[in-house]
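To start, the structure under review is shown below, and the notes come after it.
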Amino acid sequence: MLPNLNIQDDFEEDMLEDFAIETQPSLTYAMLKKEDLFMGTCNHLEAIKQAVYKIINTERYEYGIYSWDYGIELKDLFGKDFGYVMAEIKYRIMEALTQDDRIDSVENFIFKKLDKHSLHV
């Protein structure tokens, strides 16, 4: 017969004491948008701008290399009523970008209807 030791509780308490949560630096490869080149690195605000660009230009669930939390869902909005699209796209942009822990909020949206088929946000 084995003794009934409650090791799990002690283990969990020790684990909590040993961990410190740190935010990793946002250092990443620099992406030149026009030439599709990666040269050097960028950090801080430039890295966040680059992350926003990549998230907004990646359709969610489309590419197996990204987690299901990465990207934005836009395909199903094509051809829909502008009122619906303007309300929905604001929510979708906010939801997509705040998945990145460096982004706390998204605000100050400006909508401009370019023609009967195009919306600039």
Side-chain angles (χ1 to χ4, degrees):
M1 181 162 177
L2 295 173
N4 186 5
L5 298 176
N6 196 356
I7 296 174
Q8 186 67 26
D9 290 338
D10 294 335
F11 179 74
E12 287 177 5
E13 288 178 21
D14 290 341
M15 291 295 289
L16 290 175
E17 292 173 8
D18 292 341
F19 282 101
I21 298 174
E22 293 181 10
T23 301
Q24 296 295 314
S26 61
L27 184 66
T28 188
Y29 291 103
M31 183 175 73
L32 302 175
K33 294 177 203 122
K34 292 181 182 175
E35 293 123 17
D36 291 332
L37 297 174
F38 296 90
M39 299 180 66
T41 58
C42 63
N43 202 356
H44 306 299
L45 183 58
E46 196 59 37
I48 294 171
K49 287 180 186 179
Q50 188 169 287
V52 167
Y53 175 82
K54 287 179 65 181
I55 291 167
I56 296 298
N57 286 287
T58 302
E59 183 69 23
R60 187 175 279 178
Y61 313 121
E62 190 77 19
Y63 306 98
I65 63 168
Y66 296 114
S67 79
W68 284 19
D69 293 333
Y70 190 84
I72 188 168
E73 297 172 68
L74 295 177
K75 274 185 172 180
D76 64 321
L77 295 178
F78 295 129
K80 301 286 179 160
D81 179 67
F82 268 99
Y84 172 75
V85 171
M86 288 188 335
E88 188 65 21
I89 200 165
K90 181 178 178 179
Y91 163 76
R92 291 185 187 192
I93 290 171
M94 290 177 1
E95 195 273 331
L97 295 179
T98 54
Q99 294 296 317
D100 188 314
D101 63 355
R102 298 170 291 181
I103 300 173
D104 294 328
S105 65
V106 182
E107 49 198 42
N108 298 327
F109 287 85
I110 299 172
F111 296 96
K112 183 177 181 184
K113 188 174 178 179
L114 301 178
D115 57 39
K116 72 180 204 173
H117 299 292
S118 301
L119 179 66
H120 187 268
V121 182

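The salt bridge (charged side-chain N to carboxylate O under 4.0 Å, His left out) pairs that include a residue from residues 75-93 are Glu62-Lys75, Asp76-Arg92, Glu88-Arg92, where partners are two or more places apart or lie in different chains. The stretch residues 108-121 participates, sequence neighbours left out, in no salt bridge (charged side-chain N to carboxylate O under 4.0 Å, His left out) pair at all.
Annotation: salt bridge (Lys or Arg N to Asp or Glu O under 4.0 Å) contacts of Glu59 (sequence neighbours excluded): none.
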* Could you go step by step and tell me if Ile93 and Val121 meet the side-chain contact (heavy atoms from CB on, under 4.5 Å) rule? -> CA-CA 10 Å; Ile93 290 171; Val121 182; 3.9 Å; yes
* List the steps and the verdict of side-chain contact (heavy atoms from CB on, under 4.5 Å) for Ile103 and Ile48. => CA-CA 8 Å; Ile103 300 173; Ile48 294 171; 4.2 Å; yes
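Note: Phe111 and Phe109 have parallel aromatic rings, judged against thresholds of 30 and 60 degrees for the angle between ring planes.
Nearest heavy atoms, Ala96 versus Gly71: CB-O, 3.2 Å.
Taking CD from Glu95 and CD1 from Ile55, the interatomic distance works out to 10.5 Å, rounded to the nearest 0.5 Å. Going from atom OH of Tyr70 over to atom OG1 of Thr58 covers 4.5 Å, rounded to the nearest 0.5 Å. Rounding to the nearest 0.5 Å places CG of Asp69 at 4.5 Å from CD of Gln99. Residue Phe82 holds its CZ atom at 11.0 Å from CG of Leu77, rounded to the nearest 0.5 Å.
No donor-acceptor distance shorter than 3.5 angstrom exists from the side chain of Arg60 to the backbone of Ile72, with no hydrogens or angles considered. Between the Thr98 side chain and the Met94 main chain, a donor and an acceptor come within less than 3.5 Å of each other.
Hydrophobic clustering (ILVMFWY, side-chain heavy atoms < 4.5 Å, transitive): Val52 and Tyr63 are in one cluster. Transitive grouping of hydrophobic side chains (ILVMFWY, heavy atoms separated by less than 4.5 Å) brings Leu119 and Leu74 into a common cluster.
The closest side-chain heavy-atom distance from Ile110 to Asn108 is not below 4.5 Å.
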